[in-house]
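Scroll down for the structure; my scribbles are underneath it.
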Amino acid sequence: MEDSFSPYFYFLDRELYCEKTPIKKIAKKFGTPVYIYSKKAILDKIKEYKKAFKDYPTLICYAAKANSNLSILKIFQEEGLGLDIVSGGELYRGLKAGFSPEKIVYAGVGKTDRELMDAINAGILSFNVESLMELDVLDQLSEKAGKKANISIRVNPDVNPKTHPYISTGLKKSKFGIDMEDALKAYEIASKKKNLNIVGIHCHIGSQIMDVSPYKEAVEKVVQLVFKLKKEGIELKHIDIGGGLGIKYRPEDRPPHPEELAKVVIPYVKETGLQLLIEPGRSLVGESGALVSQVLFLKDKGDKHFIIIDSGMNDLLRPAVYQAYHHILPVEKKNEKVTADIVGPICETGDFFALDREIDNLKRGDYLAVMSAGAYGFSMSSNYNTRPRAAEVLVDGENFYLIRERESYDYILQPEINEKIQGEVK
Ligand code: PLP
């Protein structure tokens with residue numbers, strides 16, 4: 001092993017491997033852009049989380065939004081995890097992947113009637129309710145369904161997770177949850193609803209959190225509220241502290257270990273005796289994945305060197321929306337380095353993967369890997385510019401499997417040209 005970004009992606013004889021598979025082999029077989037995931041990286045992360053929380057009754061609910069490929073979901077399901085969802089589509093995927101509804105929690109500020117009804121009928125572990133109006137609607141729909149819905153109130157603890165503003169969700173000014181000072185009232189209202197069953201309390205403060213102290217602040221506030229509720233006769237079964245642990249995007253990043261999270265959270269939750277729920281997404285899958293692309297063209301403009309690749313912001317949106325850094329590695333090392341902007345083919349200046357980055361002197365046809373792309377990569381991808389979404393491949397040692405085929409043009413156009421279409425084009 002010459003050097004490595006992680007134990008799962010490393011160079012051997014100047015060639016980049018995922019586990020025991022040369023990445024070039026996968027790129028040649030399935031074409032590019034292609035998302036490549038290491039199964040071992042995912043399994044090892046699950047182990048880390050299980051070990052960190054083993055001394056306290058904890059249900060780890062994987063946040064499906066990070067990467068919702070069915071084969072990836074199945075790994076978590078087989079490992080006995082629960083699932084955190086934010087839409088009817090994720091409920092549908094979760095059930096297809098075999099998750100038991102009793103292990104599914106559902107957050108989101110804007111759940112439609114159909115989404116609520118589907119989850120009521122499934123009988124999920126908890127609706128993480130984000131407004132008083134949602135409580136009302138959920139009660140009415142449960143009555144219609146002849147069922148009781150389990151609920152937690154998502155509280156907004158007003159703590160700063162010290163991450164990118166677009167992924168800070170626990171600040172008072174954000175749209176998420178119900179403010180702490182209004183939460184008691186919300187629980188009182190919920191306790192009077194005939195068709196609701198109060199089971200817990202929920203919060204989620206943000207994502208890509210690199211220091212666990214905001215969790216301490218949040219859980220302290222949540223636990224105080226749990227005791228206040230108890231005094232009012234409102235008993236809960238669980239405390240759900242959401243997800244958010246950060247991952248390594250830059251080689252020098254040292255994200256917190258799940259043990260550190262457990263250490264700050266468990267002592268508080270223990271005082272209540274309630275079950276703990278956590279909802280990690282990014283930290284379970286992020287570092288397991290790379291987006292592999294091929295160099296299309298090189299171009300020099302003034303003193304700038306551009307490497308134009310066949311992936312775009314439609315494949316990986318994070319640099320464009322969060323100015324996020326992703327480490328980029330050549331799939332085969334070169335002897336020379338250049339400083340370049342690595343950009344996609346899309347008609348937007350925001351369509352870049354790296355700016356002024358020192359990288360191996362790649363030529364037309366060479367492959368490169370955008371690292372730490374396993375979370376919020378494919379799941380945030382789109383068909384912008386009528387670009388088929390990438391293939392996805394799961395690597396297991398020296399074996400690798402296609403887990404989502406590359407989309408075709410026909411697949412993209414099908415909803416516009418099928419027999420239901422009533423307009424001009426048939
Ligand atoms: N839970 C909720 C309610 C979320 O909104 C999110 C992410 O947005 C997560 C869990 C997962 O967060 P992360 O991927 O940072 O662990």
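What you see is a predicted model; the values in this text were computed from it and never measured. Numbering of ligands and ligand atoms starts at 1, following listing order.
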If I apply the N/O under 3.5 Å rule, does Ser207 come out as touching ligand 1?
yes
Considering the heavy atoms of Pro280, write down every atom of ligand 1 situated less than 4.0 Å from one of them.
16 (O)
Check the side chains of Glu287 and Tyr8 for a donor-acceptor pair under 3.5 angstrom, ignoring hydrogens and angles.
no
Around atom 4 (C) of ligand 1, find the nearest protein heavy atom and jot down its residue, atom name and distance.
Lys65 NZ, 3.1 Å
For ligand 1, which atoms, with element, lie under 4.0 Å from some heavy atom of Gly281?
13 (P), 14 (O), 16 (O)
Would you mind checking which non-hydrogen protein atom is closest to atom 9 (C) of ligand 1, with the distance to 0.1 Å?
His204 CE1, 3.3 Å
Carefully, step by step, assess Leu245 and Arg282 under the rule side chain to side chain contact (heavy atoms under 4.5 Å, CB included).
CA-CA 7 Å; Leu245 270 200; Arg282 188 190 308 268; over 6 Å; no
Show me which atoms of ligand 1 lie under 4.0 Å from any heavy atom of Gly243.
10 (C), 16 (O)
Under 4.0 Å from one or more heavy atoms of Ala63, ligand 1 contributes atoms 9 (C), 10 (C), 11 (C)
Heavy atoms only: which of Arg282, Gln208, Glu279 is nearest to atom 10 (C) of ligand 1?
Glu279
Shortest protein contact, atom 14 (O) of ligand 1 (heavy atom only)
Tyr376 OH, 2.5 Å
Give yes if a backbone or side-chain nitrogen or oxygen of Gly244 is under 3.5 Å from a nitrogen or oxygen of ligand 1, and no if not.
yes
Could Glu90 and Arg93 be called an ion pair, given the rule that one side-chain N must be under 4.0 Å from one carboxylate O?
no
Please say whether Ser283 places an N or O atom under 3.5 Å from an N or O atom belonging to ligand 1.
no
Evaluate Ala107 for polar contact with ligand 1, using N/O atom pairs at a separation under 3.5 Å.
no
